[in-house]
Amino acid sequence: MSLLVTKELVKYFGDTHAVDHVNFTVKHREVLALIGSNGAGKTTLVNLISGLFPPDGGQILFRDRDVTHESVHGRIEAGIARSFQLVNLFDQLSALDNIALTIFSRDHKTKKLVSLASADGAVWDEAYEVLRLFGLDAKARMLAGGVSQGERKLLDVAVAYALKPKLLFLDEPTSGVSTREKAPIMDTVTSVVRSMGISAAIIEHDMDVVFNYSDRIVAMHQGTILADGTPDEIRRNEAVRTTLIGTADAH
Amino acid sequence: MSTPAVAASAIAREAGSLRHVFRWALPVAVILLVVPWIVPQYTAILLTYGLIMAIGALGFNLLLGYTGLLSFGHSAYFGVGAYVVALMVKYLRVGSMELFLLGAIVGSVIVTAVFGFVCVRYTRIFFGILTLALSQVLWSLAFKFFWVTGGTDGLRVPTPSLLAGLATGTGDKTDFMSHAYYYYVLVIFFACVVLMWVIVNSPFGKALQAIRDNETRAEFVGVQIWRYRFVAFLVSGVFTGLAGALWVPLNGLTTPDIMHWTFSGEIVFMTVLGGFRSFAGPIVGAIVFNYLKTYAVGYTVYWQLLLGAVLVALVVSLPTGIVGTAERLAARWKKGG
Amino acid sequence: MEVLLIHLVNALLYASVLFLIAGGLSLIYGVMRIVNLAHGNLYAFGAYVTAWAIGGVAAGAPSSLLLVLLPAGAFAAAVLGAALEPTLLRPFYKRAEEYQLLVTFGLLMILEDLLRFIWGPYPLSASELFENFGSLTIGDSLYPTYNFLVIGVGIVAAVFLWAFIYKTRFGVVLRATSQNMRMASALGVNVNRVYVQAFTLGCFMAGLGGAIVVPGQSAVLGMGVDALVLAFIVVVIGGLGSLEGALVGALIVGVVREAGIAWFPEIELAVLYLAAAIVLLVRPAGLFGRP
Amino acid sequence: MPGMMLELERIDTFRGPAQILRGVSLAVQHGEAVCLVGRNGAGKTTTIDSIMGLLPVRAGKVAFQGRDITRLPAHQRALLGIGYAPEDAGIFPDLTVEENFQITSWLARPGGAGGAPAPAGNGYERIFSIFPEVREFLTRRGLHLSGGQKKMVAISRAIALSPSVLLLDEPFEGLAPVVVTRFIEAVKAIKALGISVLIAESNLVNATRVADRLYAIDRGEIIFRGQPNEVFQNEDVMKTIRG
């Protein structure tokens with residue numbers, strides 16, 4: 001039972017085949033890791049599925065509906081949300097406002113010109129609840145531009161999560177943070193995702209993170225899918241070891 | 001942007017609490033209410049000009065401060081408001097201020113809808129130049145179609161009747177302008193301030209700020225950027241158009257000068273003077289600028305030089321404007337004390 | 001027929017001056033990504049200096065001397081530019097665009113009044129040179145010979161500039177800096193120096209435009225502000241930052257304006273602005289610009 | 001230390017509000033090829049940019065041939081003899097390949113560095129000796145080069161400056177395996193000219209093929225320094241870098 005299926009998805013940048021006839025699936029309620037070296041096509045794949053730019057060929061089916069040519073807005077309505085590798089927040093708004101805005105947008109309330117945002121208690125309660133879920137409630141009133149890098153990464157995920165998606169793409173949720181902050185971030189993110197029963201596809205480089213937190217791993221190389229399996233299968237996979245790890249002599 | 005945390009915490013705080021707003025707004029409102037009885041008529045009339053420009057600047061700042069779009073074409077909407085009134089007088093012999101305001105709103109909605117449709121697809125300098133070019137179209141039309149607009153001689157607008165004839169300026173014009181008209185403007189000013197405050201603090205206003213901060217992410221939380229920018233453009237233009245309509249009876253005359261892009265520059269100036277990162281900035285800026293300009297013009301023929309130097313000094317040393325700087329000083333004082 | 005010819009020459013005349021102003025504006029934008037709202041006032045400054053030199057200081061001198069003094073305005077504008085860039089503009093390259101526009105808007109106001117302060121509120125004329133050149137006949141009409149000099153200067157400036165940008169060492173460094181400032185600096189290019197040079201060159205062009213225009217029409221207050229908006233139209237049509245664009249844009253604006261004056265004088269300016277708006281709608285970055 | 005070409009002492013670098021480098025120290029000796037390996041976003045490019053002066057260093061010291069250059073602007077570092085080829089190659093798109101070279105060769109120091117004499121004539125012999133292919137597209141505009149050609153031009157252009165040390169940011173990225181081998185030969189040829197090389201690289205195998213010495217970086221911290229063959233024995237480093 002698949003939540004998302006791509007069929008022969010293609011994207012070229014000049015003469016590089018960034019995504020080359022990729023058939024990629026995400027199942028219901030799974031945490032999937034997308035791995036591969038620099039330029040393997042992971043982020044491009046996520047950009048295509050989330051609608052940042054259109055594919056050059058192929059199809060994207062989400063819950064059996066063709067969303068290949070859907071707008072970003074339409075995909076969000078359908079239930080696809082994403083976070084960004086380089087933190088992408090509303091820096092001049094407070095952490096709470098970042099989440100609240102997302103909820104207003106999700107509930108089509110941003111079309112209201114003449115009602116005070118602060119009067120809608122339900123939204124603020126929910127926003128606060130989302131922050132609490134991600135352990136950010138203490139920072140609610142701080143500007144998103146002013147919290148630590150690790151908290152920014154979490155807030156970035158929280159914003160995407162607040163859209164109540166069915167499928168959440170996370171582009172390197174632990175990149176750019178110190179080693180110390182890595183595990184707590186992944187603990188928080190995966191526990192939220194699992195407890196809410198949504199699917200998550202996580203782009204990640206750190207193999208510790210990948211093997212510890214995912215149900216399934218998809219390895220990409222030069223725009224194609226190299227391997228797809230459980231962490232154990234991937235660990236034993238010869239092709240992955242030679243191309244991605246760079247040696248067959250892995251421990 | 002040099003001190004984003006400081007500048008923006010002002011917005012965050014401001015948007016946060018009604019109590020904070022009332023602590024400032026109530027005393028100011030009381031002062032504004034008694035002003036005509038304690039200051040000379042001339043000063044009160046200057047203040048009327050200031051309040052009118054404040055409405056225009058408030059509208060302008062919805063784009064600059066909250067949506068992140070710098071328009072160099074707001075003279076067009078101000079001019080449309082003023083010329084609609086003048087043309088209503090000339091061709092329809094209308095004398096009612098309420099009808100004037102209605103006409104100005106209709107006129108500026110039409111013009112901003114057309115301009116906005118073209119402009120909101122662009123950002124940054126391209127948005128600025130495009131708005132400037134479009135506003136110059138109107139300026140050149142007002143300038144050239146002198147049989148309609150009076151050309152450089154402009155069009156005269158007599159003192160209107162207020163509140164469906166309840167108050168008319170049959171007596172002393174200065175007295176009428178400094179009292180009856182002052183209060184008329186003041187009430188509209190209050191209404192505009194409240195309305196704009198609600199708009200920037202509405203879910204819609206939050207969406208605008210999100211677009212300003214991060215366009216890509218705004219799209220990825222489901223905000224359809226163009227639509228929001230378009231609505232902001234419309235609201236912004238109508239506020240400024242309304243200001244134009246209020247301005248013309250006070251001035252008694254409208255000329256193409258107010259359509260020229262340098263007048264847009266003045267609107268930008270006053271907003272930055274007050275501080276475009278805060279809600280009250282354009283209001284303070286407009287009133288201060290109005291006095292500043294009046295005195296500069298009276299003091300020296302080289303008033304432009306004076307104002308230009310002020311602007312440069314301001315941008316160099318006080319990028320957060322009067323309100324931003326005051327808030328920072330207040331915060332420091334509070335922390336220190 | 002000759003009417004058409006005169007219109008054509010007039011269009012070229014107008015395009016020559018516009019190219020100098022808009023070319024300078026575009027050059028500056030292309031290299032340092034700053035739109036100088038005071039650019040028109042540098043053009044006016046050039047006009048005033050030349051008018052002062054030819055019409056005031058050296059009035060009555062032989063034409064050849066006057067001709068030598070003609071470029072005075074261009075050099076004066078260049079010197080002013082070289083002083084302004086490092087002091088007033090450099091601190092703003094890393095700031096948001098709004099601040100760059102504001103500071104140059106302030107500069108516009110200051111320069112406008114400086115002209116009034118130095119040369120007073122009345123028009124300054126340098127028509128002596130214009131008259132000395134006399135006129136020639138096109139068909140049955142008399143046409144001022146000086147105008148051909150202006151067109152000539154425009155053409156020479158375009159050719160010279162092209163050669164300068166594409167054939168000299170400085171041109172290569174300039175283009176490299178405009179395309180990738182970071183990389184240029186990492187290869188040893190002193191970017192600050194290139195910026196001063198580019199800004200000075202841009203101001204020189206504007207000043208030259210003012211200098212050659214002033215014998216035919218006087219230097220008046222407000223000419224800079226008007227010229228700026230026309231230069232905007234040129235660069236919007238041609239593409240901000242492109243010299244080819246400035247050339248083509250200036251020719252288009254020259255022809256459209258001349259046609260406007262001939263056939264629909266009331267809406268001549270409106271037509272220009274509308275043309276610019278339409279080009280932006282169809283090609284947001286202008287004819288030669290890159291988005 | 002004698003023979004020291006380049007030395008970083010505990011540098012901290014920020015991008016905007018985010019701290020990227022945390023006390024990074026590394027050294028490149030005369031005539032040495034050093035590799036800085038780490039995964040995407042580990043801080044490799046930030047390290048290179050800090051050395052080149054493209055990013056301000058918040059704390060710590062950068063020294064070149066014993067001279068403190070921490071506060072020197074980028075162009076002065078280039079003129080002192082630090083060559084640079086960025087990850088995206090940084091080719092000026094509207095300039096021809098030859099013009100791309102001219103910029104640096106005009107600015108190159110007379111006397112040269114790395115023992116090689118200053119280029120004579122058009123000065124491209126050194127470039128052609130390393131990348132003869134470049135001769136064929138000398139008149140082509142940067143815009144029309146393929147990814148590999150761009151990388152070639154970027155390295156050649158840096159050589160035209162006659163540098164003492166060359167900074168290469170991901171020089172093999174996006175290249176086909178055969179071409180990678182070609183580039184590795186080129187780097188060895190550059191080293192033979194007496195030019196020290198510092199390479200930022202995410203592929204460990206490529207790194208071990210060119211490097212005399214290795215540093216591994218992760219999350220802005222140096223987590224390993226040593227010989228290329230030692231790195232495979234270090235389980236922590238292997239875990240962090242692979243993938």
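Reminder, nothing fancy here: chain letters follow the sequence lines and each chain counts from 1.
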(request) Go through D/Met52, D/Arg77, D/Gln76, D/Gln102 and name the one with the most non-hydrogen pairs under 4.5 angstrom from chain C. (result) D/Met52

(request) With a 4.5 Å cut-off on heavy-atom pairs, point out which of C/Asn180, C/Asn190, C/Val173 contacts chain D the most. (result) C/Asn190

(message) Heavy-atom pairs under 4.5 Å with chain D: which of C/Gly188, C/Ala184, C/Ala186 has the most?
(response)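 Highest number of heavy-atom pairs under 4.5 Å: C/Gly188.
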
(request) Please check if any side-chain donor atom of D/Ser50 sits under 3.5 Å from a side-chain acceptor atom of D/Thr13, or the reverse. (result) yes

(message) Are the side chains of D/Leu8 and D/Val62 in contact, using a 4.5 Å heavy-atom criterion?
(response) yes

(request) Verify, without hydrogens or angle tests, whether C/Ser26 (side chain) and C/Gly23 (backbone) share a donor-acceptor contact under 3.5 angstrom. (result) no

(request) Please work out whether the ring planes of C/Tyr166 and C/Trp162 are parallel, tilted or perpendicular, with thresholds of 30° and 60°. (result)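 Rings of C/Tyr166 and C/Trp162: tilted, 30 to 60°.
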
